[in-house]
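Encoded as structure tokens, the structure appears first; notes follow it.
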Amino acid sequence: MTGRILVFDSGVGGLSVAREIRALLPAAEMIYVADDAAFPYGNWEDAALADHVVALIGALTGREKPDAVVVACNTASTLVLPPLRARHTLPFVGTVPAIKPAAERTRSKLISVLATPGTVRRDYTRALIAEFASDCHVEVVGSAALAPLAEAHMRGESVSDAAVFQEIAPAFVEQDGRRTDMVVLGCTHFPFLRPQFERVAPWPVEWIDPAPAIARRLVTVMEGLNPPPGEPTGVARLTSGRPWPPALVPFLRSLGLASD
Ligand code: DGL
């Protein structure tokens, strides 16, 4: 499958989605944009963030002319997918907390959503819980610190177990002899901290990362494009306001990504 895909996040977290896209669509051209000048999005005020992201994606799509856009950011997707779809004819694939699969898989009926403060307070997230998990207790845990900690980790800095534990501990709930068994990774940065989450977790849980499902959704969208996208290039490039963390370079290479 060919075509040009614009993948967008506030920072490098969206690379957890980009690597899945790369695996399924190796011949497509991927342009990954990190809005680091505005990172982190988690604490932005909603209206200001919506205006900012809509304007930025408008400028990027005008310049890059992608066939599809992946908003690889829950904090942005839960806010701006409706206005983006209203303004543009090109397809947008969003990233929103994977509450439906968590509700389908839980046995204890205690699930948690670990995300940014912005994502957990969104009506969009509340609506997903009401629609798919009304028979569960859903603990929503907003952390402003974890996305920056994930970026620090990706820059090769050491991130203490204590700092991570403090952020994830509220996601572990015990109720009437039952325990949380599913934790939704509701921020695309978090899969990069998953080994540390697993190490410091009070008990084992299933960590749900929506990235593979997002990549599959993108494949379906690309297959449905009319006219079909152009020549295969397999090129991928990165755009960001600052140099890429050296610790990320081997990972970027493994994705075939070159920084501009
Ligand atoms: N990676 C983003 C998300 O999925 C947000 C991180 C941030 O900018 O706070 O929500």
Side-chain angles (χ1 to χ4, degrees), residues 6-21 32-57 60 69-81 84 92-99 101-102 112-126 128-129 140-155 159 163-164 167-168 171 183-194 196-197 207-215 217-218 238-242 244-245 248 251:
L6 180 72
V7 182
F8 175 83
D9 182 33
S10 59
V12 288
L15 289 169
S16 64
V17 178
R19 66 181 165 192
E20 301 295 334
I21 293 172
Y32 182 92
V33 179
D35 182 18
D36 339 53
F39 177 84
Y41 281 177
N43 271 336
W44 275 61
E45 191 270 316
D46 294 2
L49 182 61
D51 289 349
H52 171 76
V53 175
V54 168
L56 183 56
I57 290 188
L60 289 167
V69 178
V70 177
V71 183
C73 175
N74 295 259
T75 313
S77 296
T78 50
L79 190 63
V80 298
L81 283 175
L84 286 174
F92 284 86
V93 175
T95 308
V96 300
I99 289 161
S112 295
V113 178
L114 191 58
T116 66
T119 299
V120 301
R121 67 165 181 262
R122 302 258 189 271
D123 291 344
Y124 199 115
T125 305
R126 302 276 157 193
L128 289 175
I129 294 170
V140 289
V141 179
S143 166
L146 277 177
L149 285 174
E151 295 230 341
H153 167 74
M154 292 163 85
R155 286 194 298 269
V159 172
V164 169
E167 300 304 311
I168 69 165
V183 178
V184 175
L185 298 174
C187 169
T188 54
H189 281 71
F190 298 173
F192 293 107
L193 285 177
R194 182 169 163 168
Q196 200 167 6
F197 288 173
W207 304 91
I208 301 188
D209 175 5
I214 293 160
R217 170 76 195 130
L218 177 65
L238 297 155
T239 301
S240 146
R242 63 182 176 188
W244 290 85
L248 259 187
F251 174 61

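Both counts, for ligands and for their atoms, begin at 1 and track the order of listing.
At a heavy-atom cutoff of 4.0 Å, ligand 1 is contacted by the side chain of Ser10 but not by its backbone. Here Ala147 has side-chain heavy atoms under 4.0 Å from ligand 1, and that is the only part of it that gets that close. Contacts between Thr188 and ligand 1 below 4.0 angstrom, taking non-hydrogen atoms only, involve backbone and side chain alike. The proximity of Asp9 to ligand 1, defined as any non-hydrogen pair under 4.0 Å, is limited to the side chain.
Classified by interplanar angle (parallel below 30°, tilted 30° to 60°, perpendicular above 60°), the ring pair Tyr41/Phe8 is tilted.
Ligand 1 is never approached by Gly13 to a heavy-atom distance shorter than 4.0 Å. Residue Gly11 places no heavy atom under 4.0 Å from ligand 1.
For the pair Asp9 and His189, the minimum side-chain heavy-atom distance is below 4.5 Å. Under the 4.5 Å side-chain criterion, counting only non-hydrogen atoms from C-beta, Asp35 is in contact with Leu56. The shortest side-chain heavy-atom distance between Val53 and Trp44 does not fall under the 4.5 Å cut-off. Using a 4.5 Å cut-off on side-chain heavy atoms (C-beta onward), Phe92 and Val80 make no contact.
Ranking protein heavy atoms by distance to atom 7 (C) of ligand 1, first place goes to Tyr41 N, 3.3 Å. Closest to atom 10 (O) of ligand 1 among all protein heavy atoms lies Thr75 OG1, 2.6 Å. The nearest heavy-atom contact from the protein to atom 9 (O) of ligand 1 is Gly42 N, 2.9 Å.
The N/O atoms of His189, backbone and side chain alike, include one that comes under 3.5 Å of an N/O atom in ligand 1.
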Derivation and outcome, side chain to side chain contact (heavy atoms under 4.5 Å, CB included), residues Val71 and Leu84: CA-CA 10 Å; Val71 183; Leu84 286 174; 4.2 Å; yes
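Contact atoms of ligand 1 toward Asn74: 3 (C), 4 (O), 10 (O) (distance under 4.0 Å to a heavy atom of the residue).
In this structure, the side chain of Gln196 does not engage the main chain of His153 through any donor-acceptor pair within 3.5 Å.
For the residue pair Thr116/Thr75, the side-chain donor-acceptor check at 3.5 Å is satisfied.
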